[in-house]
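Since we're looking at a predicted model, the values are computed, not measured. The figures that follow rest on heavy atoms only: side chains count, while hydrogens, waters and symmetry mates do not. Each chain gets a letter, A, B and so on, in the order its sequence line appears, and its residues count up from 1.
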Amino acid sequence: MEELALHILDLAQNCIAAGASEIAITIIEDRAANRLTITVADDGRGMEPEMLQSVTDPFFTTRTTRRVGLGLPLLQAAAELCAGGLTIVSTVGRGTTVRVEFAHDHIDRAPLGSMADTLAAILAVNFEVEVVYRHEVDDRAFVFDSRELREICEGTMQHPKIILWLKEYIALQERLLGGEQ
Amino acid sequence: MKTVEDLRKLREEVRQMTKLREGEAEVRVVVGMGTCGIAAGARETLGALVQEIAEQGLLSVVVTQTGCLGLCEREPIVEVNAPDGRTLYARVTPERARRILRQHVQGGVAIEDWVIRN
């Protein structure tokens, strides 16, 4: 994938498939330590240890429409290529957390890309999931909580006009934060 | 400007528009958002649909998502689910998505060249 934000969208799809009602997406750019860490945590149904062992195997998938599952293996390979790695912690009935780490300045690391587009895509088509997004760049942060916006929007949040507004709002905040885009 | 006040104003505007269109037949536009869809550009396709619907004020059109349909090499796939039937479209770029909305969803004429046949 050309952007890490697309991997994040793919991870969020896993959360939704796991029946999550809340997805916490955290991006930490620590430039002094040369690390970029992405965490996607959900409160979905979680996985048994046996399944957890197989999810980074490309020839394992729960779907029936094709026989390979490439999302997590692709991301793991991308991280390992950049002096990083991918870890998954999961508890049945509690949820799953995927954490992926990269060397910030690694030449092979894909750019973060548009988190505004990714968050807007999640919110546009998922009517019952809340997203808590936090993007830290050194000692600054941008935080977005869909519950606060849902309260302001009073039932209109799924409307394309509102989604478009949210996308522009997030894009603006991301630019002001001055981290990766 | 992007303030809470702006968002409240927009909310009221959306409510007024929605009231006027209540009861119109609904068309569902479904975007394939599996790993294969995302890697092929489904996020941009979805973004184009949302933008076009907002700008054209197509209030009876609802955008939703589905996972992998097993036709990964033809992603991004978009399904138009109208009262008169379902149509699957292959390789839907943002530009194609906008044309599908105008010609098929609004105009009622499917774009045969892009339709997936069984």
Side-chain angles (χ1 to χ4, degrees), chain A residues 1-3 5-14 16-17 61-75 113-114 116-127 148-149 151-173 176, chain B residues 1-19 21 28-59 61-73 75-77 94 101:
Chain A
M1 302 227 196
E2 287 161 21
E3 299 178 10
L6 290 173
H7 281 290
I8 294 172
L9 178 58
D10 190 41
L11 290 173
Q13 296 294 340
N14 295 344
I16 289 150
T61 180
T62 55
R63 94 185 74 239
T64 53
T65 52
R66 62 174 139 89
R67 294 207 303 275
V68 289
L70 287 173
L72 286 166
L74 274 175
L75 182 55
S114 175
D117 285 348
T118 283
L119 293 169
I122 298 169
L123 294 170
V125 291
N126 294 288
F127 309 144
E148 288 171 15
L149 283 141
E151 213 177 291
I152 299 166
C153 293
E154 295 176 2
T156 62
M157 193 150 127
Q158 245 65 56
H159 193 281
K161 277 188 184 287
I162 304 273
I163 295 293
L164 216 53
W165 189 93
L166 292 178
K167 180 156 97 177
E168 284 165 10
Y169 167 76
I170 295 166
L172 177 67
Q173 295 301 321
L176 291 174
Chain B
M1 281 303 288
K2 296 282 167 209
T3 63
V4 170
E5 222 20 72
D6 290 333
L7 187 55
R8 286 204 180 97
K9 267 189 209 148
L10 189 60
R11 174 192 74 198
E12 292 314 312
E13 191 187 309
V14 163
R15 272 195 180 146
Q16 291 304 319
M17 287 169 59
T18 317
K19 253 188 212 163
R21 298 286 186 97
R28 297 183 88 77
V29 178
V30 189
V31 184
M33 298 279 282
T35 303
C36 46
I38 294 170
R43 186 188 67 181
E44 280 59 40
T45 301
L46 173 62
L49 288 168
V50 167
Q51 184 163 12
E52 189 78 5
I53 291 166
E55 285 171 1
Q56 304 287 326
L58 307 177
L59 290 166
V61 184
V62 177
V63 185
T64 60
Q65 67 169 340
T66 185
C68 169
L69 301 166
L71 297 164
C72 309
E73 72 285 359
E75 296 278 0
I77 292 171
L101 277 181

Can you tell me which portion of [X] sits under 4.5 Å from chain B's heavy atoms? Options are side chain, backbone, both or neither.
X: A:Ala124; result: both
X: A:Ala17; result: neither
X: A:Gln173; result: neither
X: A:Glu154; result: both

For the residue pair [X] and [Y], establish whether any side-chain heavy-atom pair is separated by less than 4.5 Å.
X: B:Leu46; Y: A:Val125; result: yes
X: B:Val62; Y: A:Gln158; result: no
X: B:Leu101; Y: B:Gln56; result: no

Give, as side chain, backbone, both or neither, the part of [X] having an atom under 4.5 angstrom from any heavy atom of chain A.
X: B:Glu44; result: side chain
X: B:Val50; result: both
X: B:Leu7; result: both

I'd like to verify something: which residue of A:Ile162, A:Asn126, A:Leu74, A:Ile163 has the highest number of heavy-atom pairs under 4.5 Å with chain B?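 So the answer, after comparing A:Ile162, A:Asn126, A:Leu74, A:Ile163, is A:Ile162.
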First locate atom OG1 of A:Thr118, then atom NZ of A:Lys167, and finally report the distance between them rounded to the nearest 0.5 Å.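 If we round to the nearest 0.5 Å, A:Thr118:OG1 and A:Lys167:NZ are 10.0 Å apart.
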Test of understanding: with salt bridge (charged side-chain N to carboxylate O under 4.0 Å, His left out), list the residues that count as partners of B:Glu12, not counting sequence neighbours.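 Expected list: B:Arg15.
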Can you give me the closest heavy-atom contact between A:Ile122 and A:Ala12, atom names plus distance?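 For A:Ile122 versus A:Ala12, the nearest heavy atoms are CD1-CB, 3.5 Å.
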Can any side-chain N or O of A:Thr156 pair as donor or acceptor with the backbone N or O of A:His159 at less than 3.5 Å?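 Side chain of A:Thr156 to backbone of A:His159, a donor-acceptor pair under 3.5 Å: no, none is there.
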What residue in B:Glu13, B:Gln65, B:Arg43 has the most heavy-atom pairs under 4.5 Å with chain A?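 The answer is B:Arg43.
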